[in-house]
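Each chain gets a letter, A, B and so on, in the order the sequences are listed, and its residues count up from 1. Here the structure is a predicted model, which is why all the values come from computation and not from measurement.
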2 protein chains.
Amino acid sequence: MARGSTRPTSRDVAQAAGVSQAAVSLVLGDKWRGRVSEPTAQRVRDAAHRLGYRPNLAARNLRLGRTRTVLLVVPALTTEFFAEVYTGAARIAAEHGFGVVLYPSPEGVGPARDPFASARAALDGVIASSMAADALTAIRGDQLPLVMLDSDPEGSLGAATVNLDITDGIRQVTEHLLALGHRRFLHLAADVPSWTFDIRARELAARLAGTPGTTLRTAHAPISIEGAQAATETALAAPGPRPTALVCDDDKLAAGAYKAARRAGLRVPDDLSVTGLDDLGLATAIDPELTTVRLDAELFGERGMHALLAVMEGQTPQEGDIPVHLVVRGSTAPPPQD
Amino acid sequence: MARGSTRPTSRDVAQAAGVSQAAVSLVLGDKWRGRVSEPTAQRVRDAAHRLGYRPNLAARNLRLGRTRTVLLVVPALTTEFFAEVYTGAARIAAEHGFGVVLYPSPEGVGPARDPFASARAALDGVIASSMAADALTAIRGDQLPLVMLDSDPEGSLGAATVNLDITDGIRQVTEHLLALGHRRFLHLAADVPSWTFDIRARELAARLAGTPGTTLRTAHAPISIEGAQAATETALAAPGPRPTALVCDDDKLAAGAYKAARRAGLRVPDDLSVTGLDDLGLATAIDPELTTVRLDAELFGERGMHALLAVMEGQTPQEGDIPVHLVVRGSTAPPPQD
DNA sequence: CCCGTGAAGTTTTACGTATAACGTGTCCCG
DNA sequence: CGGGACACGTTATACGTAAAACTTCACGGG
């Protein structure tokens with residue numbers, strides 16, 4: 001307890017153990033194979049424990065020139081999806097002695113010019129969702145190792161990418177609905193400028209274009225229950241034959257669509273089949289339970305972290321999209337007979 | 001661009017501007033009132049900008065002995081509630097030049113003994129939810145300024161607390177249901193050892209004990225839709241007169257209860273009134289929309305951060321619980337006539 | 001007997017920053 | 001005309017750690 005209230009330093013430990021500060025560093029850093037005798041090492045460990053010594057991270061980071069800390073930039077935490085991504089990334093990071101700091105949606109937090117003013121920790125690398133791509137330029141300027149999640153492989157300027165196989169997910173949804181007999185589709189699209197949403201529209205359109213006798217209309221909505229409800233209501237009120245299958249970009253949109261359908265006097269799935277994408281907890285909370293595409297968010301985070309570790313080592317990360325799979329529940333059924 | 005690939009330091013900037021490193025520090029630190037001439041200051045700023053200089057946080061933290069970074073410990077991010085708490089805390093923090101680092105649920109992340117191994121950043125203070133109280137002892141050992149969220153004012157060992165007025169929330173729920181005519185209550189309690197859940201049970205029991213002719217039963221469930229569904233199903237299948245009002249500790253529990261009611265052939269709210277607590281997005285996604293208690297999570301985070309700032313200044317934080325209010329939606333109605 | 005070798009440490013240095021302490025020159029006032 | 005006072009800087013130092021470079025001693029082989 002050297003003096004006063006300041007935390008003990010390695011020098012205090014050294015003094016208490018009767019050795020030099022260097023010896024403390026060696027012992028506690030586990031670098032003492034043939035440098036320090038076992039009894040002395042034990043004395044050091046005892047003293048450190050007795051004083052409640054905790055190394056000063058700032059000093060260590062300064063000395064080592066790295067922080068073993070990585071930033072995860074996500075669009076927002078209003079969905080559990082990115083919470084799971086975090087969990088997966090943090091697990092892998094911890095296995096490699098790294099920590100993960102979360103940087104959620106910049107809306108209203110910190111000065112817009114420098115989104116990292118609030119992420120004060122110095123960083124060794126960044127994992128960023130493409131849905132928060134506006135922060136990307138600032139990161140590139142820092143020359144930090146970067147991995148993008150769900151980003152256009154062409155457009156990410158050489159940064160490594162880890163993607164979910166959303167294209168295949170939409171294909172599975174479409175096949176499922178076509179097999180049930182649906183022909184008139186409505187796509188409820190997220191009103192968010194992001195590659196990961198663009199490919200949904202692209203794949204759905206491509207698949208239906210290859211199937212004669214099908215029609216596809218599109219409605220756009222912000223990712224919120226109210227927004228989705230409003231957009232679906234106007235889309236369903238449009239003239240012409242009513243769609244029988246509603247493909248939503250996201251589970252939350254589907255939840256809003258349920259409400260619109262109910263208000264329009266339509267029953268899910270008898271009058272209208274609805275599909276989502278994500279498989280959040282929400283999917284089984286609503287009635288009927290939602291047919292959706294399960295994304296393994298935790299694995300997504302793990303793969304993202306693995307990729308970043310590879311980039312930081314100067315290696316090339318593993319290739320290949322993460323598979324997804326359709327979960328059929330009660331919100332899809334054959335279309336009503338006209 | 002001193003040499004190679006290392007980031008420019010303040011010394012590089014000094015050299016480029018033709019001044020000493022100290023001058024750079026003064027100018028960039030805005031401490032140069034009468035110490036450096038305006039033209040020189042401008043030269044320094046230009047050089048810094050030209051080289052893309054960014055101060056080394058580790059060195060600054062070491063020098064200043066503080067990090068302007070605060071930790072927010074939350075039980076998990078599987079609910080948007082704590083995401084909003086974060087948003088509020090981060091806003092206030094940013095206004096005071098602080099950053100907030102999130103530390104979600106330790107489940108499976110990092111060694112259990114030291115929950116902060118993965119929060120590598122050095123910290124100036126901690127805001128912790130009582131739902132993650134197991135981490136509390138480790139924090140106290142570090143002598144860090146600490147603010148507890150929703151914690152027993154008696155039992156938090158002198159740490160400052162910021163609480164939502166849950167007691168009043170439960171009172172409002174109970175009054176509402178009593179006014180509708182309900183007499184047989186079932187309490188679906190979260191199976192989580194935390195003061196914030198204890199007081200729900202306490203207040204509900206106290207209020208009903210003061211009202212003759214009422215009965216109260218209790219079921220416990222983990223906070224998940226499946227868990228709540230299972231617990232509610234067994235509780236509803238119990239012998240004796242069926243409860244007409246189901247008070248849930250949490251919106252997610254209510255969503256599970258909906259499913260149990262439906263499976264038991266009961267309609268909400270005609271046969272069974274259900275209430276929640278939180279007012280998450282989930283509350284309006286389910287049908288009928290949930291009568292619940294709205295908690296202002298963002299304000300909660302703001303107040304938590306304000307309290308922590310006060311504690312760090314050695315002051316006493318503002319007293320007083322945060323008000324909450326009942327939101328009446330479609331899940332409550334008068335009890336069925338026997 | 002002498003030198004090499006290995007164990008068991010210690011001394012020293014550097015990381016990049018903020019700031020206290022210390023020069024300069026110039027001007028103004030008594 | 002001498003010496004503060006002020007403007008404009010610079011030099012030096014400390015923060016706590018990790019690790020390279022150095023010291024000391026004992027021992028064993030040729």
Item to check | Whole-Å gap separating C1' (C/dT17) and CZ (B/R60) | outcome: 8 Å

Next on the checklist: Rounding to an integer number of Å, can you tell me how far B/L28 CG sits from C/dT19 C1'?
Outcome noted: 15 Å

Item to check | Value in whole Å for how far the P atom of D/dC15 lies from CG of A/L57 | outcome: 18 Å

Item to check | Whole-Å distance separating the CD atom of B/E38 from the P atom of D/dG9 | outcome: 11 Å

Item to check | Close side-chain approach of B/I127 to B/Y86, heavy-atom, < 4.5 Å | outcome: no

Checklist entry - What integer distance in Å separates B/W32:CH2 from D/dC8:P? => result 10 Å

Next on the checklist: Using a 4.0 Å heavy-atom cut-off, does A/G65 contact any base of the nucleic acid, only the sugar-phosphate backbone, or nothing at all?
Outcome noted: nothing

Item to check | Touch class at under 4.0 angstrom, heavy-atom based, for B/T9 against every strand present | outcome: sugar-phosphate

Item to check | Pair A/V70-A/L308, side chain to side chain contact (heavy atoms under 4.5 Å, CB included): steps then yes or no | outcome: CA-CA 9 Å; A/V70 148; A/L308 183 57; 3.5 Å; yes

Checklist entry - Rounded to the Å, how far apart are B/R33 CZ and C/dT19 C1'? => result 13 Å

Item to check | Test item: A/S129 and A/F300 side chains (from C-beta on) under 4.5 Å apart, heavy atoms | outcome: no

Item to check | Pair B/R45 + B/E38: basic N to acidic O under 4.0 Å | outcome: yes

Item to check | Atom CD of B/Q15: over 12 foreign heavy atoms under 6.0 Å | outcome: no

Next on the checklist: I want to check one thing: is the phosphate of D/dA7, taken as OP1 and OP2, less than 4.0 Å away from some side-chain N or O of B/S37?
Outcome noted: no

Next on the checklist: Measure NZ/B/K31 against C1'/C/dT17 and give the value in whole Å, please.
Outcome noted: 12 Å

Next on the checklist: Show the nearest heavy-atom pair for residues A/V311 and A/P145, with the distance to one decimal.
Outcome noted: CG1-CB, 3.8 Å

Next on the checklist: Less than 4.5 Å apart, side chain to side chain, heavy atoms only: is that true for A/T69 and A/D124?
Outcome noted: no

For nucleotides 10-14 of chain C, which of its nitrogen or oxygen atoms have a protein nitrogen or oxygen under 3.5 Å away, and what is each distance?
unit_1: C/dT10; atom_1: OP2; unit_2: A/S20; atom_2: N; d: 2.8
unit_1: C/dT10; atom_1: OP2; unit_2: A/S20; atom_2: OG; d: 2.7
unit_1: C/dT10; atom_1: O4; unit_2: A/R35; atom_2: NH2; d: 3.3

Next on the checklist: Quick check on DNA chain D: between B/L64 and B/R43, whose nearest nucleotide comes earlier from the 5' end?
Outcome noted: B/R43

Checklist outcome for this item: A/N61 CG to D/dA19 P, in whole Å, measures 13 Å

